[in-house]
Amino acid sequence: MPDATGNKGHEPEESQVPPPPPPMSASPPRILIIGAGSRGRTYANAVKSSCNGIVVAVAEPDAYKRSQLGRTFIWGDGPPPAEGAVFDGWRDYVAYEARRRARVLSGEDHVPPGVDAAFVCVLDEMHREVVMALTSLGGLHIMCEKPLATTLGDCVDLYGALASNVGGKGEQMLFSIGHVLRYSPHNMLLRRLVLEQRVIGDVLSVVHTEPVGWWHFTHSYVRGNWRRESTTAPSLLTKSCHDIDVLLWLLCSQPSCSAADVPPPHLPSHVSSTGALQYFKKSRKPVAAGAATNCLSCAVEESCKYSAKRIYLGSDLAGLGSGNRSWPVSIVVPDIESYGEEQTAREAVLSRLAEDYDASTADAHVGQRNWFGRCVYESDNDVCDEQVVTMTWDEDPLPLPGTAVTATGADRLGGRGAKTATFHMVAQTRKICERYTNLYGVDGEIYADSTTIRVHDFGTGQTTTHHPRRESVGHGGGDQGLTRQFVLAVDKVKNHGWTADRAQRELIGCTLEEVIRSHAMVFCAEEARRGKKVVDWKQWWATQVEGKLVKAAVAQ
């Protein structure tokens, strides 16, 4: 019952028990993991714990990572891995699979079965060549970690390659992108409340924030893999492309994509963006730090909150001293688990943190690896640590059925009224990737954070609080959700007579066109930011993307 203020208070948590894995088919989907880093291990674990498929092969150049994933998810502590279970890299897999298929065609007996699907979990800048190679083989379902590629041109090329990736029946194979936010129970409930139940009526504006976190940002975007646009891409793409995707998913897409004849999406009209590298640069360096470029030789290291020793060895964040040997410590020393005593592990981390470069070091060498002991004010980073993207929509009602006249009036817009979405990516926050969103509608408003969704109804004055289940810490269950849906889709196509088109729409719930659109929105926003301008989205899409998509599809 509501109290005197109309607040219904906290409702029971919803669907607290994670769903069991779908039942195994007689011939379960066989999965290859390409890239045995943190994301590859995450998806392999999700396949094992939440899906009706099996990981049967790994391709990874690093011997320790390759062996670790293989022993954990494929061959265990038993006999050596079987033929076709382990590869030194994706090229070795592609060459092997071509030979394996040739052996099958020649009628050779006892050829090991191939895989049905591949998870591509290599570095962002490698996505294009890996996915291109897989589509050239043909006949494989593909899940690629986000982002799809690091340039708009590469995204367009991959669209053409994926559209032409067909199986033996000439049907386009399944594709999924690592936009895991779509698959968390939290965001699935939020979308259902907004689009299906329309608890706040037409949405007028959304303000969505991704708080990267003050020390997390330094790990990944100042010292780590994604610090330089020239070697990876803008931080809006590498960190926040799935935030832009979620906004488009909430504001453009239809409530359900299970039907093949859904109406056209309500697309933005204009895009603008501001942002820069505001803090992590030399002009912000404490004067007392002097000329030091590495934390281990800095006079103010003990008082600096960005001290690499504090972050990776300390006990107050997620360092070795807290008992943690997974991320981020395992990124600094990938084989940290192999070091037994804490002192030995500590020495291994210190040795890695001591590595540094100076003016005589070739820039190519600096850019090709990480420097986790480097002073955050003296690094070679150049990506934005603060950015705002604004997307606006004009009224765009569809014609009423049976007429040629466009419907008018706020009650007849069919959810296609004018609206605005603002996205804020910020580094300097206490929260570590704990996103929060405010949605303002004609009938109420919603506040959603990582654990709750609070809906306030203007008409009744009541506030209802939802507690979606949190299946795991991996993007609020999004890692498991995406993996479960993709593998289930593969199973339905392989074993249960579903068409790939049906499984793509009903189970993966995201089309190749949506993948390209959300990535294109990021590149459009970057053009707006660099040019300090407002971009006409429809015109930009027509000139920069649409025609090229057609050419890419034809070229394949």
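Remember, it's a predicted structure, so these values are computed and weren't measured experimentally. These values consider heavy atoms only, across backbone and side chains, with no hydrogens, waters or symmetry-generated copies.
A salt bridge links K533 to E527: at least one charged side-chain nitrogen sits closer than 4.0 Å to a carboxylate oxygen. At a threshold of 4.0 Å, the pair K146-D245 does not count as salt-bridged, since none of the basic side-chain nitrogens sits closer than that to a carboxylate oxygen. Using a 4.0 Å cut-off between charged side-chain N and carboxylate O, D449 and R435 make no salt bridge. A salt bridge links R227 to D380: one of the charged nitrogens lies within less than 4.0 Å of a carboxylate oxygen. Taking 4.0 Å as the cut-off between side-chain N and carboxylate O, E526 and R529 count as a salt-bridged pair. Taking the charged nitrogens against the carboxylate oxygens, E97 and R91 have no contact shorter than 4.0 Å, which rules out a salt bridge. Checked for salt-bridge contact, E342 and R325 miss the test: no charged N lies under 4.0 Å from a carboxylate O. Taking 4.0 Å as the cut-off between side-chain N and carboxylate O, E355 and R352 count as a salt-bridged pair. Under a 4.0 Å N-O distance rule, the pair E60/K65 does not qualify as a salt bridge.
How far SG of C375 is from CD of E301: 11.5 Å, rounded to the nearest 0.5 Å. The line from OH of Y339 to CZ of R346 is 15.0 Å long, rounded to the nearest 0.5 Å.
Relative ring orientation between Y306 and W214 is described as perpendicular, the plane-to-plane angle rising above 60° on a 0-90° scale split at 30° and 60°. The aromatic rings of W371 and H365 lie perpendicular to each other, with more than 60° between the two planes, well past the 30° mark. Aromatic ring pairs are classed by plane angle as parallel below 30°, tilted from 30° to 60° and perpendicular above 60°; the pair F280 and F217 is parallel.
One N or O on the side chain of S518 and one on the backbone of V515 form a donor-acceptor pair closer than 3.5 Å. Looking only at distances, a side-chain donor or acceptor of R191 sits under 3.5 Å from a matching main-chain atom of W249. At least one donor-acceptor pair under 3.5 Å links the side chain of T483 to the backbone N or O of D479.
Test K281, R228, K282, R374 against S379 for side chain to side chain contact (heavy atoms under 4.5 Å, CB included) and you get one pass: R374.
Considering all non-hydrogen atoms of both residues, L237 and A149 come closest at CD2-O, 3.4 Å.
In summary, the aromatic rings of H242 and H519 are positioned with their centroids too far apart to meet the 6.0 Å limit. Taking the ring centroids of W327 and H219, they lie under the 6.0 Å cut-off.
Residues forming a ring pair (Phe, Tyr, Trp, His ring centres under 6.0 Å) with F119 (at least two apart in sequence, or on another chain): Y43, F486.
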